[in-house]
Amino acid sequence: MASRLDRIAQQRRQKLDRIRRRGIEPYPYGYHRSHTTEQALALLETQEERSQEGATVSLAGRIMANRPMGKISFLDLRDGSGKIQLCLYKNRLSEESLELFQDLDIGDIIGVSGKLFRTKSGEPTLEVESLTLLAKSLQPLPEKWHGLADVDKRYRQRYLDLIANAETKETFQVRSRIIAAIRDFLNQRGFLEVETPVLQPSAGGALARPFTTHHHALDQDFYLRIAPELHLKRLLIGGFDRVYELGRIFRNEGVSTKHNPEFTMLESYEAYVDYNDVMSMVEEMVSEVCQQVLGSDKVEFGGEIINLKPPWQRLELRQAIKKYAGIDFEKYPDADSLRAEMLKLKMEVDPQKDRGRLIDELISTFVEPNLMQPTFLADYPVEMSPLAKTKPDNDRLVERFEAFAGGMEIANAFTELNDPVEQRERFVRQQKERQVKDEAEETIDQDFLLALEYGMPPAGGLGVGIDRLVMLLTGQQSIREVILFPQLKEKP
RNA sequence: GGGCCGUUAGCUCAGUUGGCAGAGCACCUGACUUUUAAUCAGGGUGUCACAGGUUCGAGACCUGUACGGCCUACCA
C-alpha cells in the first residue's frame with residue numbers, strides 16, 4: 001500500500017529531482033570499472049613494493065559510510081569483492097562533481113576514478129578525481145553498527161540482510177561452494193547430471209503430501225514433484241549407469257526450523273552397487289566437500305565439534321532403537337503390539353499410525369537427537385521403505401540406511417528394488433493401507449512399473465537434503481538461515 | 001493445530017507503580033584538510049502492529065486479530 005512517504009525517502013527524492021534538473025542521469029546504463037576493490041588493494045601493494053607512481057583506476061560500488069572532515073570527505077565504497085576507502089578533496093573536484101557529491105547519500109551506487117594511495121594511518125584509499133552516479137538510493141540502509149536483526153525483515157528483505165550482515169553473505173557463499181563441490185565430486189566419479197520433470201501426473205518416490213497445479217492447455221492436473229526418484233530410475237533402465245539430479249522438490253507439509261515447503265535435494269543412482277557402496281560414497285563425499293569448502297573435516301554445530309572424517313559409526317536400526325528407546329521392534333511384529341509397548345514409555349501414540357510410522361517415531365524421538373556425530377542407521381523395516389530391496393536373509397528388513405549428523409537426518413539411501421512384480425505388490429499394498437485409513441489416495445505410477453519390467457540393473461540410490469547439509473557445515477540451527485528466500489506467510 | 005514470547009522513530013533498542021514518547025545510529029543545519037563506529041554544536045522526524053475494552057488518563061492493564069520467533073504436534 002502506498003502510504004505516506006517517510007521523511008528520509010522524501011528528502012532523497014528531492015535530491016534525485018535536483019540531480020535530474022542539472023542534467024545528470026541518476027540511473028545510467030553502465031560503467032567501465034578497471035578493478036574491483038579487492039584488485040585495487042592488491043594493485044596498491046604491488047605499486048608500493050615497486051615504488052611506482054599510482055596509476056589511475058576506476059571502481060564502482062555502494063557508498064557504505066561517509067566521514068566528512070571539512071574540506072575532505074572519506075567514504076567507504078563496497079562492491080562484491082570487498083571495500084575500500086575513498087577520499088574526496090572538495091577543492092580539487094570540478095564544480096559539477098562537487099554539486100553531485102552534495103546530493104549523494106549512504107546507499108547510493110557510484111563509479112569513481114582516481115589514484116590509489118595510503119593515508120597517514122595506513123588505510124588504502126582512492127583519491128577521487130571523477131565521480132559518476134550509477135544508481136540513486138531512495139531508502140535508508142539498516143544501521144551500520146548493529147546491522148539488521150529483525151528476523152522477519154531479514155527473511156522478507158533478504159537483500160538488506162545481505163548488505164547489513166556479513167555473516168549472512170558468507171553463509172550463502174559457503175552454500176554455493178558446497179553445491180559446486182558436490183557436483184565436482186560426482187562428476188569426477190563419472191556421474192551424469194540430469195534434469196527430470198517437476199510437473200508430474202503422479203507424485204511418487206516418497207510419501208509426502210504434494211502441491212497440486214493445473215495445466216490449462218492440456219486441461220490436466222499435475223503435482224509438483226516430492227522426489228525425483230522414479231524418473232532417475234527410468235534413466236538407469238535407459239542405460240545411464242550413474243546419474244544424479246540436484247534440484248528443488250516440494251512438499252505440502254509443516255514449516256519448521258528443519259522444514260521448508262520447497263527445498264533442495266540431491267539424488268544419485270549408481271548401477272551395480274549396493275547400499276554398502278553408497279554408504280562409503282556418502283561419508284567420502286561429505287567429508288571431502290567439507291574439507292574442500294571449509295578447509296577442515298570438523299565442524300561446530302550446536303556447541304559440539306562434529307568430526308566428519310570417515311569411517312562413520314554404523315549401527316543397525318534395531319540395535320539403535322534398543323539402545324536409545326529400550327524397545328526391540330523385532331519382538332513386536334504388528335502395529336498394535338508395538339504401540340502397546342510405546343505406551344508403556346508414556347509416549348503419546350497416534351492410533352492411526354502403522355508399524356513403520358511408529359518405528360519412525362521411535363527414531364525421531366529417541367535416536368535422532370542422540371546422533372550428533374555422523375552415524376549410519378542401517379536395515380529398516382520393509383513397511384517403511386516400499387522402494388528398497390529386502391535383505392537376502394530377512395524379508396522383513398530392507399537394505400536401507402539413513403545418515404545422521406548434528407541430530408539431523410541428512411541422507412537416505414537404499415539398494416533399489418528392481419523386481420517389477422514385487423514393486424507392483426508393494427505399491428498396491430501401500431495404496432490399500434492408505435485407503436483403509438482414508439488418507440489422500442495416491443495413484444500408482446504405472447509408467448514406472450512398466451519401465452521396471454524392461455529390467456533395471458541392481459543399483460544403489462541416495463538422497464541428500466542439501467539444505468540440512470548446509471546447516472551442518474555452516475552451523476546454522478534453522479533451515480531459513482540457509483535458504484535465501486524462505487517461505488513465509490504473506491503480510492496483510 | 002496447541003503453548004510461551006515478541007511487535008515502540010528508517011535501523012538497534014530503553015520506557016519504572018497507568019500520568020507530557022526516549023537514547024544511539026541514520027537523517028537535516030553548521031564547524032572542521034588524513035578520518036575510519038570521525039569529532040563538536042544544534043534539530044525528534046512516531047498510526048507505540050491492528051481492533052475493541054477498563055480508566056479522569058493506556059505504549060504499559062484486559063479481550064480479540066495479524067505477523068514473527070521458540071517449543072510442541074504434523075511430516076518417507
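To find a chain, count down the sequence lines: A is the first, B the second, and so on, and within it residues start at 1. Model, not experiment: these values are computed from the prediction.
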Please report, rounded to the nearest Å, how far the [atom2] atom of [N] is from the [atom1] atom of [X].
X       : N      : atom1 : atom2 : result
K90(A)  : U33(B) : NZ    : P     : 10 Å
H259(A) : A73(B) : NE2   : P     : 12 Å
N66(A)  : C25(B) : CG    : C1'   : 14 Å
D152(A) : C67(B) : CG    : P     : 11 Å
F74(A)  : A38(B) : CZ    : P     : 12 Å
I63(A)  : U35(B) : CD1   : P     : 21 Å
K489(A) : U65(B) : NZ    : P     : 12 Å
R12(A)  : C27(B) : CZ    : C1'   : 8 Å

Under 4.0 Å between any heavy atoms, over every strand shown, what does [X] touch: base, sugar-phosphate, or nothing? Just pick one.
X       : result
R156(A) : sugar-phosphate
K15(A)  : sugar-phosphate
S385(A) : nothing
I106(A) : sugar-phosphate
D150(A) : sugar-phosphate
Q85(A)  : base
E253(A) : sugar-phosphate
L488(A) : sugar-phosphate
G356(A) : nothing
Y155(A) : sugar-phosphate

Quick check on [N]: is either OP1 or OP2 less than 4.0 Å from any side-chain nitrogen or oxygen of [X]?
X       : N      : result
R67(A)  : A38(B) : yes
K144(A) : C11(B) : no
R251(A) : C75(B) : no
R400(A) : A76(B) : no
R480(A) : C70(B) : yes

Suppose we define a pair by two distances each less than 3.5 Å, Watson-Crick or G-U wobble; what does [N] pair with here?
N      : result
C32(B) : none
G59(B) : none
C74(B) : none
G44(B) : none
U54(B) : none
C25(B) : G10(B)

Using atom [atom1] of each nucleotide, how far apart are [N] and [M] to the nearest Å?
N      : M      : atom1 : result
C56(B) : A66(B) : P     : 32 Å
A21(B) : G57(B) : C1'   : 15 Å
A37(B) : C50(B) : P     : 37 Å
A14(B) : G6(B)  : P     : 11 Å
A9(B)  : G43(B) : C1'   : 15 Å
G44(B) : C67(B) : P     : 38 Å
G24(B) : A38(B) : P     : 16 Å

Toward the 5' end of RNA chain B, by each residue's nearest nucleotide, S256(A) or L104(A): L104(A)
Position toward the 5' end of RNA chain B (nearest nucleotide), S478(A) or K71(A): K71(A)
Q200(A) side chain to Y223(A) side chain, donor-acceptor N/O pair below 3.5 angstrom: no
F376(A) ring center near F401(A) ring center (under 6.0 Å): yes
Side chain proximity check, R22(A) to E99(A), heavy atoms < 4.5 angstrom: yes
Beyond-backbone contact of K389(A) with E416(A), side-chain heavy atoms, under 4.5 angstrom: no
Name the closest nucleotide to the [X] side chain, picking from [options].
X       : options                : result
P140(A) : G10(B), U34(B), A37(B) : G10(B)
Q11(A)  : C74(B), U34(B), C27(B) : C27(B)
K120(A) : C25(B), U34(B), A37(B) : U34(B)
M69(A)  : A26(B), U34(B), A76(B) : U34(B)
L148(A) : C11(B), C28(B), A76(B) : C11(B)
E123(A) : U35(B), C27(B), U12(B) : U35(B)

[X] and [Y] ion-paired at < 4.0 Å:
X       : Y       : value
D336(A) : R355(A) : no
K233(A) : E267(A) : no
R21(A)  : D17(A)  : no
D379(A) : K391(A) : yes
D161(A) : R154(A) : yes

